[in-house]
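In what follows, a structure is listed as structure tokens, so that the remarks can point back to it.
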Protein chains: 2
Amino acid sequence: MPSARMAGYPLAMAARDLQERIKKLIVDQRLPSGAPLPTEPELMRLLGASRNSVREALKALQAMGIVEIRHGFGTYVGSMSFAPLIEGLAFRTVAGHYRGEDSLLQLLELREAVETGLVSRLAGRLPEADLGALEALVARMEREAAEGTGLAESDRAFHATLYRGLDNVLLGEVLEAFWDAFHRVQQDLVEVAQDPRTTCRQHREILDAVRSGDSLRAERAIRDHFGHLRTRLTPVAAAKG
Amino acid sequence: MPSARMAGYPLAMAARDLQERIKKLIVDQRLPSGAPLPTEPELMRLLGASRNSVREALKALQAMGIVEIRHGFGTYVGSMSFAPLIEGLAFRTVAGHYRGEDSLLQLLELREAVETGLVSRLAGRLPEADLGALEALVARMEREAAEGTGLAESDRAFHATLYRGLDNVLLGEVLEAFWDAFHRVQQDLVEVAQDPRTTCRQHREILDAVRSGDSLRAERAIRDHFGHLRTRLTPVAAAKG
DNA sequence: AAGAGTCAGCTGCTCTAACCAACTGAGCTA
DNA sequence: TAGCTCAGTTGGTTAGAGCAGCTGACTCTT
């Protein structure tokens, strides 16, 4: 005989329900990121389900970034980052690519569409501190370009810093997620042979344009940057498709 | 004694690995959305893991939209939609809201930031077919406003149709995901008492602006629309926080 | 007394084995 | 032939046992 099931709950549909009830637990108790959740045995009692069902629910929540599981330590409320979005977006793009779709190009265009729209609003409105940080990043990129080391991390930081000026954490995270997904897939799928010096020049132009306050020039700078990436991408993607 | 583990794999880390290997299976075999995956017993043999571990991996993949599980039927490659993104975004917003953050406002601003940037590029470039569809949608909204029925679905369709003109499926899906997340959270958290006639007027203005080809006017129309939503939102959100 | 090693106990992780529940399709019944 | 029933397949759930990582208190050494 299975178990003395708690009255009031239907016999099936445990799994989907469990997830909801765990989420409700977090919301109802106002648990902040990093707060400890009940242990697996406790959740079993609390939710009236078996260990397996509880674990499956937790695994799903973990995949959504809602919960963080640390072996031998405990389960915690997750950081609610967009790591799952990156994961999903990257997989979707890779799978599409191998099926002959231009999914990588679409991902790049998504970034371009969003960033061109945002950068024009930034032109002339960035605080001096941010401009300085961007300046330092471009300088770092130029140093890295001369040394021949990769400048991916600097590129990521540049874009992140740029849109920090919009003063919306959520937006910043989403853009970073797009960058991460694109970067990961690009590394997995194609060998990009970009000239680092060109990349530096383009970033400096973006910075100068934003500093000058010329919206149209800023937009054009971003579009040039992405356009360059796109031309580097298309033939390789087509050849691999 | 547990099991004769397959040689070549470390003793631990099965779970994270299993997900990767199932994803690899999909990619390597070029499985399109909807294609059937091996059954659970087959996956057990194939991956050399127990039923539980296989199921936990599948649950995680399901949460990411990579896999679709149908009880009594089979497991299939998922539609790779952004349903998980909606889930995660909605939960993040709800949780933040109950902790006193203005997360709902941030979500709205995210939509505003992206859409204002995009709509200016659309102005004057929308094919007549899309303009006609938008016209029909606004007409439907006006009818719904008069009848007093909800016009949420029309609003969703309007925004979706609008950005279809950008010719990027991915972008369209992301925007729809943002809309869905916002709509769901809004319904859960606050009672909005919007005047449907105002909403209609604003959508008609957006349409007219886009048709006229005046980028600035289109941008202003979108900003007005979101600004109106924002003013309806702020006091309630603050009161509930 | 202070430091380092050990071990008991928590935690989550994996496995096995059995049974429940949803769906399909072949075969029986009317 | 039309409809029903039932067996077989698939995923869903439970149970109990043992494995693996982390912590902190205890003990042994210095």
Side-chain angles (χ1 to χ4, degrees), chain A residues 1-22 25-26 31 34-78, chain B residues 1-22 25-26 31 34-78:
Chain A
M1 195 181 299
S3 77
R5 193 182 287 272
M6 299 189 96
Y9 286 108
L11 268 69
M13 300 299 295
R16 189 39 66 120
D17 236 42
L18 283 184
Q19 294 182 31
E20 291 306 317
R21 283 160 70 193
I22 295 175
L25 193 78
I26 296 175
L31 297 179
L37 252 55
T39 66
E40 288 180 359
E42 282 173 330
L43 282 174
M44 286 172 63
R45 278 191 307 106
L46 216 59
L47 307 174
S50 79
R51 186 100 186 268
N52 266 331
S53 301
V54 168
R55 282 184 54 75
E56 284 180 9
L58 286 176
K59 280 285 181 182
L61 292 176
Q62 181 187 37
M64 292 190 283
I66 292 175
V67 141
E68 188 179 331
I69 305 177
R70 277 186 273 175
H71 187 173
F73 201 65
T75 306
Y76 300 83
V77 177
Chain B
M1 192 181 301
S3 79
R5 195 181 285 272
M6 298 192 98
Y9 287 108
L11 266 68
M13 302 299 297
R16 187 42 63 123
D17 236 42
L18 282 185
Q19 293 182 32
E20 291 306 318
R21 284 159 70 194
I22 295 175
L25 192 78
I26 297 175
L31 297 178
L37 252 54
T39 66
E40 289 181 358
E42 282 173 331
L43 281 175
M44 287 171 63
R45 280 190 307 104
L46 218 57
L47 306 174
S50 79
R51 180 118 183 260
N52 265 332
S53 301
V54 168
R55 281 182 55 76
E56 285 181 11
L58 286 176
K59 280 285 181 180
L61 292 175
Q62 181 186 36
M64 294 189 283
I66 292 175
V67 142
E68 188 179 332
I69 304 177
R70 279 188 271 175
H71 187 173
F73 201 63
T75 306
Y76 299 82
V77 178

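Letters go in sequence order (proteins before strands), and every chain restarts at 1. Fair warning: this is a prediction, and the values are worked out from it, not measured in the lab. Only this structure's heavy atoms are used, side chains among them; waters, hydrogens and symmetry mates stay out.
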| message | I want to verify a distance call: between D:dT14, C:dC19, C:dG12, whose nearest atom is closest to the A:A49 side chain? | response | D:dT14
| message | What's the closest nucleotide to the side chain of B:S53 if the choices are D:dG11, C:dC15, D:dT13? | response | C:dC15
In whole angstroms, how far is the [atom2] atom of [N] from the [atom1] atom of [X]?
X     : N      : atom1 : atom2 : result
A:L43 : D:dT14 : CG    : P     : 14 Å
A:E56 : C:dT14 : CD    : P     : 13 Å
B:M44 : D:dT10 : CE    : P     : 13 Å
B:R45 : D:dT10 : CZ    : P     : 11 Å
A:N52 : C:dC15 : CG    : P     : 12 Å
A:R55 : D:dG12 : CZ    : P     : 17 Å
B:L18 : C:dT14 : CG    : C1'   : 10 Å
B:E42 : D:dT10 : CD    : P     : 7 Å

| field | Residue pair A:L25 / A:L47, side-chain heavy-atom distance below 4.5 Å | value | no
| Can you find a heavy atom in the side chain of B:L18 that is under 4.5 Å from one in the side chain of B:L43? | no
| field | Strand contacts (DNA chain C) in residues 62-78 of chain A, 4.0 angstrom heavy-atom criterion | value | A:I69, A:R70, A:H71, A:G72, A:F73, A:G74, A:T75
| note | Residues passing the side-chain contact (heavy atoms from CB on, under 4.5 Å) test with A:P41, sequence neighbours excluded, are A:T39
| said: So, using side-chain contact (heavy atoms from CB on, under 4.5 Å) as the criterion, who are the partners of B:P36 when residues are at least two apart? | reply: B:Y76
Side-chain donor-acceptor pairs under 3.5 Å in residues 52-59 of chain A, sequence neighbours left out?
from: A:N52; atom 1: OD1; to: B:N52; atom 2: ND2; distance (Å): 3.2
from: A:N52; atom 1: ND2; to: B:N52; atom 2: OD1; distance (Å): 2.9
from: A:S53; atom 1: OG; to: A:S50; atom 2: OG; distance (Å): 3.4
from: A:R55; atom 1: NE; to: B:E56; atom 2: OE2; distance (Å): 2.9
from: A:R55; atom 1: NH1; to: A:E40; atom 2: OE2; distance (Å): 2.7
from: A:R55; atom 1: NH2; to: B:E56; atom 2: OE1; distance (Å): 3.0
from: A:E56; atom 1: OE1; to: B:R55; atom 2: NH2; distance (Å): 3.1
from: A:E56; atom 1: OE2; to: B:R55; atom 2: NE; distance (Å): 2.9

| said: Using heavy-atom distances to pick each residue's nearest nucleotide on DNA chain D, tell me which of B:P38 and A:S50 is more 5'. | reply: B:P38
| request: Quantify the bending of the helix from C:dA1-D:dT30 to C:dA30-D:dT1 as the angle between its end axes, each fitted on five pairs, to 10°. | output: 10°
Under 3.5 Å donor-acceptor pairs involving side-chain atoms of residues 61-75 of chain B, not counting sequence neighbours:
none

| message | Measuring to OP1 and OP2 of C:dC10, would you say a side-chain N or O of A:T39 lies under 4.0 angstrom away? | response | no
